[in-house]
Chemist: 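One structure is given below, represented as structure tokens, and several questions about it will come after.
Side chains included, hydrogens not; waters and symmetry mates left out as well; all remaining heavy atoms used. Residue numbers start at 1 and run along the sequence shown. In this text the structure is predicted, and so the values were computed from the model without any measurement.
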Amino acid sequence: MYQEFKRSQKLMGNAFEITVVSHDEKKARYHIDSAINEIRRIENLLTTFSEKSQTYLINENAGIQPTKVNNEVFELIERSLRISKITDGYFDISYGGIDKSFWNFDREMKSLPDPKSVLDHLKLVNYQNILLDRENQTVFLKEKGMRIGFGGIGKGYAAEMAKRLLQKSGVSAGIVNASGDLTTWGNQADGKPWTVGIADPNNKNQPFSYMNITDTSIATSGNYEKYVVIDGQKHSHTINPKTGMPVTGIKSVTVFCPNAEIADAMATPISIMGIKSALHMVNQINHLECIIIDEQDKIYSSQNINLK
């Protein structure tokens, strides 16, 4: 008889939960272990905190020399730059150096950083200064002090890779959930599609809508998880890479896409670029859908969304 087996684990600084549908508990546990090892492997590749990681080496050599990386990192950066182009630079992995120095979003933060110093740092944020050399498989950050980071795409990439590994290993159904950004395939043990709740930004424990999904990924970006209130104004932890300032006016964005990496990467730019532009962009991209909730609780959705 088919059952759902699940395990939670802290990975990449997030609470991951892996669910597999199986009729054999021992096999299910083995599959979950291999998915966790895959996510750990990716974390070691992408982290900016370990001197052994390729990302760390790219950043260390900014403005000095190109860094040779493996194919996986090269292609992830290549795809990130493609997303930067599509989103007109509202997604930008060269944002690496800024958020940490100005925005820590702990509740101790009492004032906004000095706009002039933010602007000075912003000169280093420009995805067009990430130079790729396919022949030599190198990455070069053109300006000294530039940094890249995969905060906007890394956990979606890890979820996607863990899902593919499980599918290749013969797991017919499951969910990889990375702190609410999740990817699903197959059906529940009872044969029904997976049901997911779309978080209500005013009450994160109470979904405002449910959707039945399978073979779909969902990513959410919202101001209700991490934020500070300064002078009565709520500032979310989502930073606009063009201004260096937090996004205001949007409570949450939920993105649907077959691929978890793309869903994760798109959630941030959609929440930054303005509702009209965001919907226009999403409606032009196949297999991408979104729901946006603004500060007034007005709900906007792309063309093919049917809320229950």
Side-chain angles (χ1 to χ4, degrees), residues 11-14 16 34-101 121-166 168 176 178 181 183 217 219 239 241 257 259-269:
L11 299 155
M12 304 180 87
N14 289 280
F16 273 75
S34 64
I36 286 171
N37 289 337
E38 172 69 350
I39 296 164
R40 279 206 183 106
R41 181 188 73 76
I42 291 165
E43 179 173 16
N44 291 335
L45 212 55
L46 303 183
T47 179
T48 50
F49 301 114
S50 157
E51 294 183 13
K52 293 194 185 103
S53 92
Q54 297 190 24
T55 315
Y56 182 89
L57 291 172
I58 293 168
N59 291 340
E60 280 296 287
N61 285 298
I64 303 167
Q65 61 185 14
T67 302
K68 191 160 176 54
V69 295
N70 70 13
N71 198 41
E72 186 176 4
V73 171
F74 188 89
E75 288 184 350
L76 179 61
I77 293 173
E78 205 169 42
R79 292 195 301 277
S80 297
L81 297 185
R82 225 173 287 148
I83 293 168
S84 294
K85 276 202 185 80
I86 291 167
T87 60
D88 189 28
Y90 283 106
F91 174 85
D92 193 332
I93 57 168
S94 72
Y95 194 69
I98 295 216
D99 45 356
K100 297 291 179 288
S101 41
H121 268 71
L122 271 185
K123 291 174 189 152
L124 297 173
V125 177
N126 184 351
Y127 72 93
Q128 289 164 326
N129 286 336
I130 302 171
L131 308 181
L132 298 183
D133 177 342
R134 178 160 268 294
E135 205 173 317
N136 297 308
Q137 216 167 286
T138 60
V139 182
F140 180 48
L141 308 183
K142 208 164 142 186
E143 305 292 332
K144 216 166 173 35
M146 262 182 93
R147 284 169 61 79
I148 58 168
F150 294 99
I153 196 171
K155 69 179 177 166
Y157 173 62
E160 183 68 22
M161 293 297 280
K163 173 184 78 176
R164 289 182 191 181
L165 179 81
L166 291 168
K168 270 192 198 128
V176 179
D181 291 352
T183 185
S217 304
I239 305 285
C257 178
N259 181 299
E261 176 191 313
I262 293 171
D264 186 16
M266 283 297 190
T268 304

Chemist: Within the distance-only criterion (no hydrogens, no angle test), does the side chain of Thr48 pair as donor or acceptor with the backbone N or O of Gly149 below 3.5 angstrom?
Modeler: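 No, Thr48 side chain to Gly149 backbone: no donor-acceptor pair under 3.5 Å.
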
Chemist: Where the side chain of Asp264 meets the backbone of Ala219, is there a donor-acceptor pair that is under 3.5 Å apart?
Modeler: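 Absent.
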
Chemist: Can you see which heavy atom on Gly89 is nearest to which on Asp92, and at what distance?
Modeler: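 So the two residues come closest at O-CB, 3.9 Å.
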
Chemist: Begin from the C-alpha positions of Val69 and Ile77 and carry the test side chain to side chain contact (heavy atoms under 4.5 Å, CB included) through to its verdict.
Modeler: CA-CA 10 Å; Val69 295; Ile77 293 173; 5.6 Å; no

Chemist: Listed by chain and number, what are the side-chain contact (heavy atoms from CB on, under 4.5 Å) partners of Arg79, not counting sequence neighbours?
Modeler: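 So Arg79 forms a side-chain contact (heavy atoms from CB on, under 4.5 Å) with Glu75, Leu76, Arg82, Tyr157, Glu261.
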
Chemist: Shortest non-hydrogen contact from Ser217 to Lys163?
Modeler: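 Answer, listing the atom of Ser217 first, then Lys163: OG-NZ, 4.4 Å.
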
Chemist: Is it true that a side-chain atom of Asn14 and a backbone atom of Phe16 form a donor plus acceptor pair closer than 3.5 Å?
Modeler: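 Flag not set: sc Asn14 to bb Phe16 has no pair under 3.5 Å.
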
Chemist: Applying the side chain to side chain contact (heavy atoms under 4.5 Å, CB included) test to Val73, which of Thr67, Thr55, Ile42, Leu45 qualifies?
Modeler: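 That would be Leu45.
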
Chemist: Suppose we screen for side-chain contact (heavy atoms from CB on, under 4.5 Å). Which residues come up paired with Asn126, at least two apart in sequence or across chains?
Modeler: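 Residues passing side-chain contact (heavy atoms from CB on, under 4.5 Å) with Asn126: Gln128, Asn129.
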
Chemist: Tell me every residue that passes side-chain hydrogen bond (donor to acceptor under 3.5 Å, both in side chains) with Arg164, counting only those two or more places apart in sequence or in another chain.
Modeler: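 Residues passing side-chain hydrogen bond (donor to acceptor under 3.5 Å, both in side chains) with Arg164: Glu160.
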
Chemist: Taking side-chain hydrogen bond (donor to acceptor under 3.5 Å, both in side chains) as the definition, give me every residue that meets it alongside Asn70, ordered by chain and number, with sequence neighbours left out.
Modeler: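 Asn70: no side-chain hydrogen bond (donor to acceptor under 3.5 Å, both in side chains) contacts found.
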
Chemist: According to salt bridge (Lys or Arg N to Asp or Glu O under 4.0 Å), does anything in residues 57-72 pair up with another residue at least two apart or in another chain? List the pairs.
Modeler: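 Pairs touching residues 57-72 that pass the test: Arg41-Glu72.
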
Chemist: Go through the structure and list residues passing side-chain contact (heavy atoms from CB on, under 4.5 Å) with Leu131, not counting sequence neighbours.
Modeler: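 Expected list: Phe140, Lys142.
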
Chemist: Please confirm whether the backbone N or O of Ala162 pairs with a side-chain atom of Glu38, one donor and one acceptor, at under 3.5 Å?
Modeler: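 Pair absent, no side-chain N/O of Glu38 close to backbone of Ala162.
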
Chemist: Can a donor-acceptor pair be found, under 3.5 Å and without considering hydrogens, that links the side chain of Asn44 to the backbone of Ser53?
Modeler: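 Looks like no, no N/O pair under 3.5 Å.
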
